[in-house]
Amino acid sequence: MTSLEDLPIRDDLRGRTPYGAPQQAVPVALNVNENTHPIPEDVAHDIVARVAAAILHLNRYPDREFSELRGALARYLGHGLGIDRIWAANGSNEVLQHILQAFGGPGRAALGFAPTYSMYGLLASGTGTAWVTAGRDDDFELGPETAVAAVREHDPDVVLLCAPNNPTGTPLSLETISAVADAARGIVVVDEAYFEFADPGTPSALTLLEGRPRLIVSRTMSKAFAFAGARVGYLAADPVVIDALRLVRLPYHLSALTQAAALGALAHADEMLAMVDEIRAQRDRISTELANLGFRPYRSGSNFVLFGGVDDPAAVFEALLERGILIRDVGLPGCLRVTAGTEAETTAFLEALAAVASSAENRIAT
Ligand SMILES: *Cc1c(COP(=O)(O)O)cnc(C)c1O
């Protein structure tokens with residue numbers, strides 16, 4: 001058998017491991033921050049009708065500029081954004097890849113604040129961009145002084161700000177974002193994958209776009225929008241940034257089926273997002289109950305909670321899995337991460353964790 005090492009693979013990819021969140025069929029999957037509520041059936045029927053209509057034209061390439069979809073995304077985002085400021089791709093991972101292809105690359109560096117979204121480093125390596133990380137303040141917060149000091153020290157070509165941050169859930173203030181945008185020479189990306197789960201009234205970095213042509217705000221339909229399987233991510237930025245991304249995208253990168261499905265979901269945005277308040281309530285319930293159990297939940301503006309005070313994260317992860325509950329060991333010492341599910345899923349998780357924590361082998365740290 002040939003091994004990877006025997007292939008003439010790029011030197012900078014040798015020894016790397018692919019993105020690998022476990023995919024397992026379990027009754028309660030709370031590991032990758034999906035919206036665990038299914039798509040409402042009437043919305044599903046409308047999406048099917050739209051996809052069915054698109055199928056009749058699959059002999060032709062799709063609209064390369066996906067103008068109708070960009071229009072719908074612009075309307076959804078509001079903030080007076082026109083379609084010339086919108087871009088989309090197959091998941092915000094591809095959106096981020098486009099950004100790094102256009103603004104990163106060999107001889108260039110991207111900066112992030114660890115611990116942060118594991119895909120940033122992988123997307124950087126795939127595009128030949130150096131990946132540099134700086135630290136955070138206490139409790140994974142990121143204040144303007146710490147962020148700006150790292151930007152000054154590393155002078156990156158691209159800064160990736162995850163707001164709120166995955167895997168910690170930490171919200172990021174507009175103060176930090178605007179300070180980074182002012183200090184950075186390069187592109188500043190604000191990844192708002194979980195923005196819809198922020199407490200009502202929380203301002204988006206979209207409010208900072210005007211007059212900042214190097215600032216990009218990315219979003220996804222994978223989380224609050226309950227559309228992870230469709231693969232649709234998007235961003236808002238200056239029209240010139242969009243022109244830069246056109247240079248690196250593959251022609252017709254968004255299939256006619258994806259465009260039709262996304263338009264169907266966006267036409268029912270209110271219904272698709274109806275469960276967000278409920279998910280936020282389950283998140284807050286998780287934080288309260290984890291604290292009651294003696295764990296240490298971190299502040300979350302997302303649909304998941306990172307909690308510390310776990311003596312043996314790997315053992316607790318396995319014990320929960322034996323009970324049919326899949327959460328995430330993100331590799332942070334003493335910590336685990338759980339997605340807020342339906343009320344029933346959340347109850348199953350909390351009850352199983354209480355049982356696991358009280359059993360002798362997995363006694364929690366005090
Ligand atoms: C889940 C997630 C995304 C979304 O990825 P998609 O490719 O849109 O599914 C982006 N950024 C962060 C931080 C995430 O956690």
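One-based numbering, in listed order, for ligands and for the atoms of each. Counting from 1, the numbers follow the sequence of the chain as shown. Computed over heavy atoms, backbone and side chain alike; hydrogens, waters and symmetry mates excluded.
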Exercise for the section: Give the contacting part of D191 toward ligand 1: side chain, backbone, both or neither, where contact means a heavy-atom distance below 4.0 Å. Expected result: side chain
Problem - 4.0 Å heavy-atom contact, G233 with ligand 1 - result: no
Problem - N33 to ligand 1, any heavy atom closer than 4.0 Å - result: no
Problem - Closest protein heavy atom (residue, atom, distance) for atom 4 (C) of ligand 1 - result: S92 OG, 3.1 Å
Atoms in ligand 1 with a heavy atom of [X] nearer than 4.0 Å:
| X | value |
| --- | --- |
| G91 | 6 (P), 7 (O), 8 (O) |
| K223 | 1 (C), 2 (C), 3 (C), 4 (C), 14 (C), 15 (O) |
| R231 | 6 (P), 7 (O), 9 (O) |
| C162 | 13 (C) |

Problem - Evaluation steps, ring-ring contact (aromatic ring centres under 6.0 Å, His included), between Y117 and Y19 - result: CA-CA 11 Å; Y117 188 38; Y19 177 83; 7.1 Å; no
Exercise for the section: Please determine if R280 and D284 form a salt bridge, counting it only when a charged side-chain N lies under 4.0 Å from a carboxylate O. Expected result: no
Handout entry: Pair D157 + R214, salt bridge at N-O below 4.0 Å
Key = no
Exercise for the section: State plainly whether one hydrophobic cluster holds both L209 and V240, where clusters connect Ile, Leu, Val, Met, Phe, Trp and Tyr through side-chain heavy atoms under 4.5 angstrom apart. Expected result: no
Handout entry: For D329, side chain to side chain donor-acceptor pair (under 3.5 Å) partners two or more places apart
Key = none
Problem - Test of ring centre spacing under 6.0 Å for F197 and F304 - result: no
Handout entry: R136 charged N/C atom sitting above F140 aromatic ring, 6.0 Å / 45°
Key = no
Practice task
Please indicate whether any nitrogen or oxygen in N166 is less than 3.5 Å from any nitrogen or oxygen in ligand 1.
Solution key: yes
Fill in the blank from the handout: Checking heavy-atom distances from atom 5 (O) of ligand 1 to each of V232, N93, T220, N303, the winner is N93
